[in-house]
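Everything below concerns the one structure shown next.
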Amino acid sequence: MENKEIKKHQIKVNLPGGIVSIGDLLQILTILEESAVENVRFGTRQQLYFSVDEDKLEDIEHGFFISDTEFEIDADKQPNIISSYVTEDIFNNSNWLREGVYRDVLDAFDYTPRLKINLADNSQTLIPFFTGNLNFISSEIGNYWYLYIRFPRTNIIYCWSSLIYSEDIGTLSKLVEDAIFSNKDLFYDQINIDGLLLENKVKLTGSIFYQPLSAPLKLPDFQLPYYEGFNKYNDKYWLGIYRRNELFSVSFLKDLCAICAKTRIGQLYTTPWKSIIIKGVETGDKKLWNAVLDKNRINVRHASNELNWQSEDLCEYGLNLKRELINEFNKVDLRTFKLCFAIKTNPKSGLFGSVIIRKCANNDLEDECKFDILHTTDFNPNSKNFTLYKDNLDRASLAEALVKLCDNYYQLQTLSESASADNYYETELVTEIEYVIAHQCSHCLTIYDETWGDEANGVPPGTPSQI
């Protein structure tokens with residue numbers, strides 16, 4: 001008899017904020033183990049994925065119902081809320097954004113969002129700032145956040161005219177989401193999108209306390225921190241684990257949970273780089289963790305030029321292309337410091353990268369695929385302004401073009417640093433400059449800064465200049 005291929009289903013479990021308690025994770029893993037699921041993955045929005053055979057799907061559904069675990073089957077209609085909670089203490093030290101604040105904000109969501117929501121500390125560079133639809137970024141004022149709205153299916157970004165209080169984030173997010181989904185004809189059309197109109201609609205429907213903007217948002221220069229291996233912070237260690245094939249075995253994660261329970265570590269963190277981080281490892285307990293890594297043959301300390309990549313979730317094509325390009329990079333020992341790369345096979349995937357390898361839409365045959373290479377205009381992955389570098393390249397030509405692009409980037413860096421050094425020696429002064437895009441009228445010589453708008457003439461902050 002001919003064997004029929006068993007149908008599989010993709011299950012997604014959101015981990016709000018990229019945080020999961022060890023007890024909850026162990027409960028999920030036990031259900032998966034009983035349903036013959038061997039591996040899980042973590043996604044670019046800090047969620048958990050796994051595939052299950054159709055004949056085991058009912059067992060998963062029953063187990064998740066009993067454990068009160070929310071999940072989606074073959075769908076992603078409810079995006080995970082991502083946060084920079086994982087970076088606290090190990091990659092940055094915020095003035096006020098601590099564990100309690102993150103917890104309060106996440107707990108205030110009494111509904112399941114349909115829009116992508118990002119909660120990001122303004123001083124870190126591990127978590128992307130603008131890949132969400134509602135991007136809340138901490139300000140210098142305690143418990144107040146900037147809000148940047150990226151309208152669905154567009155790269156149009158609108159800066160809310162005032163700061164948002166932490167306790168109002170959940171309520172405001174619901175109001176904004178309702179306004180957008182009830183007015184799709186306005187807020188899904190790139191030509192008609194009006195951020196001020198949306199803001200005014202929301203302000204009419206809810207009681208939210210607003211704090212006037214006291215200064216424009218200033219973000220750090222991008223530099224992806226090394227997020228793998230054992231690393232010391234304060235008087236403890238954190239452990240970052242990355243998997244080249246993106247797969248974490250259920251048995252390995254259960255071993256991690258056992259050590260966490262034994263050493264009184266209460267939670268585990270996921271990152272947008274499809275990795276996990278465990279904080280609070282005591283010096284005397286490192287041997288326990290090393291034993292688990294040995295048992296499961298887990299390698300750490302991969303090269304930086306392998307860690308600074310993003311590919312779409314559950315996309316073997318993108319993952320294989322990533323491996324191929326990394327191998328080519330290694331042959332020439334390519335420097336990629338301060339750069340990160342993204343492979344897009346789906347135009348709607350909101351990946352994070354300073355260099356984008358984009359599959360052309362008009363070719364489905366793998367051997368005949370063509371690609372475009374784009375980069376952000378300043379090579380800052382948080383930017384949404386892209387420059388086309390090369391188009392319609394075949395797969396075999398990608399690596400060479402990317403190597404040349406990286407070389408061009410470092411030439412520009414060298415020229416910029418040389419110019420800065422010359423300026424330093426001429427003036428003997430060091431000045432920190434924040435660059436903003438401004439427009440000067442050729443008639444009256446008035447300078448317009450889109451960050452602040454022109455309140456006297458009814459132009460709100462965030463309105464782009466028409467150049």
Side-chain angles (χ1 to χ4, degrees), residues 8-21 24-25 28-29 32 37-52 60 64 69-87 106 112-120 126-135 150 224 227-228 240-250 252-253 256 267-278 306-323 340-353 356 381:
K8 286 184 175 289
H9 295 276
Q10 290 292 345
I11 310 296
K12 186 198 72 170
V13 178
N14 282 337
L15 307 174
I19 314 155
V20 58
S21 75
D24 288 345
L25 180 59
I28 291 171
L29 296 172
L32 301 193
V37 175
E38 295 182 351
N39 298 290
V40 303
R41 301 171 185 254
F42 298 98
T44 54
R45 291 198 63 80
Q46 298 176 282
Q47 69 278 63
L48 182 147
Y49 287 107
F50 63 90
S51 61
V52 61
I60 294 290
F64 281 177
T69 301
E70 294 186 4
F71 64 101
E72 289 185 82
I73 304 172
D74 300 323
D76 190 14
K77 296 178 181 178
Q78 300 165 345
N80 194 37
I81 301 172
I82 73 169
S83 84
S84 56
Y85 188 4
V86 61
T87 68
L106 292 169
T112 303
R114 291 178 288 169
L115 293 178
K116 296 175 181 177
I117 297 174
N118 291 16
L119 307 170
L126 181 76
I127 307 299
F129 292 106
F130 302 112
T131 58
N133 300 117
L134 307 183
N135 302 284
R150 181 176 61 82
L224 182 65
Y227 56 82
E228 198 197 15
I241 302 172
Y242 157 87
R243 302 296 289 147
R244 185 167 281 164
N245 60 3
E246 299 182 358
L247 298 177
F248 290 76
S249 74
V250 169
F252 168 58
L253 292 176
L256 289 188
Q267 54 200 19
L268 177 147
Y269 307 84
T270 61
T271 82
W273 305 91
K274 304 183 181 180
S275 67
I276 60 174
I277 284 178
I278 297 153
E306 181 174 349
L307 300 178
N308 57 355
W309 286 77
Q310 286 215 322
S311 60
E312 291 151 353
D313 295 337
L314 310 174
C315 180
E316 288 298 324
Y317 181 91
L319 182 58
N320 289 333
L321 180 56
K322 168 189 167 181
R323 291 171 178 149
C340 64
F341 302 83
I343 297 174
K344 293 189 69 167
T345 65
N346 179 354
K348 295 180 181 178
S349 62
L351 294 183
F352 175 71
I356 308 293

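For clarity, every value in this text was computed on a predicted model and none was experimentally measured.
Residues P113 and P79 share a closest heavy-atom pair of O-CD, 3.6 Å. Minimum interatomic distance between G132 and R150 (heavy atoms only, all atoms of both residues): O-NE, 3.1 Å. For the residue pair S83 and G17, the shortest heavy atom distance occurs at OG-O, 2.8 Å. The two atoms that bring T271 and S275 nearest to each other are OG1-OG, 2.8 Å, heavy atoms only. The nearest pair of heavy atoms linking W273 to N308 is CZ3-C, 3.9 Å. In this structure, P128 and A120 approach most closely via the heavy-atom pair O-CB, 4.5 Å.
Legend: residues meeting ring-ring contact (aromatic ring centres under 6.0 Å, His included) with F341, ordered by chain and number and at least two apart, are W309, F329. Judged as a ring-ring contact (aromatic ring centres under 6.0 Å, His included), and not counting sequence neighbours, the contacts of F64 are F71. Shown here are the salt bridge (Lys or Arg N to Asp or Glu O under 4.0 Å) partners of R244, two or more places apart in sequence or in another chain: E306.
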* Asked: T69 and I28: side-chain contact (heavy atoms from CB on, under 4.5 Å), yes or no, with the steps?
  -> CA-CA 8 Å; T69 301; I28 291 171; 4.2 Å; yes

* **Verdict with reasoning, Q267 to Y85, per side chain to side chain donor-acceptor pair (under 3.5 Å)** => CA-CA 12 Å; Q267 54 200 19; Y85 188 4; 3.2 Å; yes

* To do: Let me see the working for F352 and T131 under side-chain contact (heavy atoms from CB on, under 4.5 Å), right down to the final yes or no.
  => CA-CA 7 Å; F352 175 71; T131 58; 4.1 Å; yes

* To do: Could you walk me through whether S84 and L126 pass the side-chain contact (heavy atoms from CB on, under 4.5 Å) test, one step at a time?
  => CA-CA 8 Å; S84 56; L126 181 76; over 6 Å; no

* Full working for side-chain contact (heavy atoms from CB on, under 4.5 Å) between L319 and E246 -> CA-CA 9 Å; L319 182 58; E246 299 182 358; 3.5 Å; yes

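Aromatic rings from F248 and F42 are positioned such that their centres are separated by under 6.0 Å.
Under the 4.5 Å side-chain criterion, counting only non-hydrogen atoms from C-beta, L32 is in contact with F50. Y49 places none of its side-chain heavy atoms less than 4.5 Å from the side chain of V40. Here the side chains of T345 and C315 are in contact, with some heavy-atom distance below 4.5 Å. Inter-residue side-chain proximity for L106 and L119 is flagged as met; some heavy-atom pair is nearer than 4.5 Å. At a threshold of 4.5 Å between non-hydrogen side-chain atoms, the residues L351 and I356 do not count as touching. Counting only heavy atoms from C-beta outward, the side chains of L134 and N118 never approach each other to under 4.5 Å. The shortest side-chain heavy-atom distance between L256 and I241 falls under the 4.5 Å cut-off. R41 has its side chain within reach of L314: a pair of non-hydrogen atoms, C-beta onward, lies under 4.5 Å apart.
Using modelled atom types, one side-chain atom of Y227 and one backbone atom of L307 make a donor-acceptor pair closer than 3.5 Å. Without hydrogens or angle criteria, T270 side chain to Q46 main chain gives a donor-acceptor distance under 3.5 Å. When atom types are taken as modelled, the side chain of N80 and the backbone of R45 share a donor-acceptor pair closer than 3.5 angstrom. Between the side chain of E312 and the backbone N or O of K344 there is no donor-acceptor pair closer than 3.5 Å.
Each of Q10, K12, H9 was scored for a side-chain hydrogen bond (donor to acceptor under 3.5 Å, both in side chains) with D74, with one residue passing: H9. A side-chain contact (heavy atoms from CB on, under 4.5 Å) with V20 is found for one member of N14, L15, V13 and no other, namely L15.
Taken from NZ in K322 to CD in E316, the straight-line distance is 11.5 Å, to the nearest 0.5 Å. Distance check, rounded to the nearest 0.5 Å: CD1 of I11 to CD1 of I73 gives 4.5 Å. Separating the CD1 atom in I19 from the CG atom in L268 is a distance of 11.0 Å, to the nearest 0.5 Å. Interatomic distance, CZ of F130 versus CG of N135, reported as 6.5 Å (0.5 Å rounding).
For E70, the CD atom counts as loosely surrounded, since its 6.0 Å shell holds 12 or fewer non-hydrogen atoms of other residues, nucleotides or ligands.
Between K274 and D313, at least one side-chain N (NZ, or NE/NH1/NH2) sits under 4.0 Å from a carboxylate O, which counts as a salt bridge.
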